[in-house]
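The structure under discussion appears below in the form of structure tokens.
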Amino acid sequence: MFDEMPYRNVSSFNIVISGYMGVKEGVLDEEFWGFVKDMLFEGWKFHAFTVSTLLSLCGEVKKNWCYGKELHCYIMRSGLEDDFVVSSDVHLECCLIDMYSKSFRVELGWRVFYRLKHRNVFAWTATINGYVLNGDFDEALVHFRDMQVEGVEPNKVSLISILPACCSFDRLKGRKQIHAFSTRRGLNHEVSLCNALIDMYSKLGSLSCARRVF
């Protein structure tokens, strides 16, 4: 049906791209990447929705990171990056950070984060989560601390992201501080956060603490 359309626009391509995510379970292949390039060959430009959707596909499989790198180059050439670096809307940059982190290239994600003029809680959380995903727990905890030093208050997702970095006996103080922080902010009734806390305490053998959270 798409090929038979007498006139196509950016929205037409975006609908197909969104549909592909469900059908192919988020796995990019050469055939689909060729479809994406056809969009450019026909003279259409990607906008933020197109790029963010494609970036979410690039991070799901390690070998797809080269597609994400191509998209990052496009963002820079088209000026999209300049718009978002100075804007308070960091959704596209968070998608880049997430893509690089899932591709085990967290240092490239950090470069994207470092260039941001406005680092809100979403940008900080994406970066912290990237370090956790790559097993660099010390760096994750450093960024978690720096976020608060800069006056950005962690939200529920930030706390859930940092908890895996506290799952060792030498970080007892850190996990207790995070638990206390969530209580002071009234987040201790959030089911997803409570589940993460229970999981953390259980892995450490602190079943009494886990039961109190429950």
Side-chain angles (χ1 to χ4, degrees), residues 2 10-137 139-140 143 147 157-158 160-162 164-165:
F2 178 84
V10 175
S11 296
S12 306
F13 280 93
N14 284 341
I15 290 171
V16 176
I17 291 170
S18 297
Y20 179 89
M21 292 183 67
V23 174
K24 292 290 186 177
E25 297 181 346
V27 178
L28 271 174
D29 55 29
E30 288 290 342
E31 180 182 0
F32 182 68
W33 194 243
F35 171 81
V36 172
K37 288 187 173 181
D38 285 343
M39 180 177 175
L40 294 176
F41 293 151
E42 290 189 16
W44 302 107
K45 292 184 178 182
F46 297 156
H47 53 47
F49 176 83
T50 313
V51 176
S52 61
T53 303
L54 291 171
L55 284 172
S56 67
L57 292 171
C58 295
E60 294 304 317
V61 180
K62 184 178 179 181
K63 67 179 181 179
N64 286 344
W65 93 277
C66 57
Y67 298 129
K69 188 177 180 181
E70 282 189 52
L71 284 169
H72 194 178
C73 291
Y74 173 84
I75 291 168
M76 296 175 69
R77 289 196 309 269
S78 65
L80 275 175
E81 185 175 54
D82 293 333
D83 293 339
F84 281 88
V85 163
V86 299
S87 169
S88 59
D89 183 356
V90 295
H91 175 69
L92 188 57
E93 306 302 321
C94 287
C95 290
L96 280 170
I97 294 169
D98 184 64
M99 181 274 295
Y100 281 127
S101 298
K102 289 179 177 177
S103 303
F104 304 105
R105 288 168 173 81
V106 67
E107 72 284 353
L108 297 179
W110 181 85
R111 291 179 192 175
V112 174
F113 172 79
Y114 182 75
R115 292 191 68 239
L116 287 172
K117 297 291 189 263
H118 301 280
R119 299 171 189 160
N120 63 15
V121 65
F122 304 108
W124 280 102
T125 301
T127 303
I128 290 167
N129 190 56
Y131 282 114
V132 171
L133 284 174
N134 285 268
D136 194 344
F137 298 147
E139 200 62 41
H143 278 71
M147 171 173 64
V157 180
S158 309
I160 293 173
S161 296
I162 195 61

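Note that the structure is predicted; figures quoted are calculated from it, not measured.
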Closest contact, heavy atoms only, [X] versus [Y]:
X: P164; Y: V132; answer: CB-CG1, 3.8 Å
X: A123; Y: L116; answer: CB-CD1, 3.8 Å
X: G130; Y: S101; answer: CA-OG, 3.2 Å
X: I75; Y: L55; answer: CD1-CD1, 4.4 Å

For the residue pair T125 / S161, report whether a side-chain donor-acceptor contact shorter than 3.5 Å exists.
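The criterion, which ignores hydrogens and geometry beyond distance, is not satisfied for T125 and S161.
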Between [atom1] of [X] and [atom2] of [Y], what distance do you get to the nearest 0.5 Å?
X: L96; Y: H72; atom1: CG; atom2: NE2; result: 5.0 Å
X: F137; Y: I128; atom1: CZ; atom2: CD1; result: 13.5 Å
X: T127; Y: I97; atom1: OG1; atom2: CD1; result: 4.0 Å
X: R111; Y: R105; atom1: CZ; atom2: CZ; result: 12.0 Å
X: M76; Y: L71; atom1: CE; atom2: CG; result: 13.0 Å

Taking the six-membered ring for Trp and the single ring otherwise, decide whether the centroids of H143 and Y131 are under 6.0 Å apart.
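Yes - the distance between ring centres of H143 and Y131 falls below the 6.0 Å cut-off.
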Do [X] and [Y] have side chains that get closer than 4.5 Å, going by heavy atoms?
X: M99; Y: S103; answer: yes
X: V106; Y: E139; answer: no
X: R119; Y: Y114; answer: yes
X: S158; Y: V121; answer: yes
X: N134; Y: F104; answer: yes

Take H91 and C95 through the side-chain contact (heavy atoms from CB on, under 4.5 Å) test and state the conclusion after the steps.
CA-CA 6 Å; H91 175 69; C95 290; 3.7 Å; yes
Worked verdict on N120 versus V90 for side-chain contact (heavy atoms from CB on, under 4.5 Å):
CA-CA 8 Å; N120 63 15; V90 295; 3.2 Å; yes
Do the rings of F113 and W124 sit parallel, tilted or perpendicular, given the 30° and 60° boundaries?
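The rings of F113 and W124 stand perpendicular, inter-plane angle above 60°.
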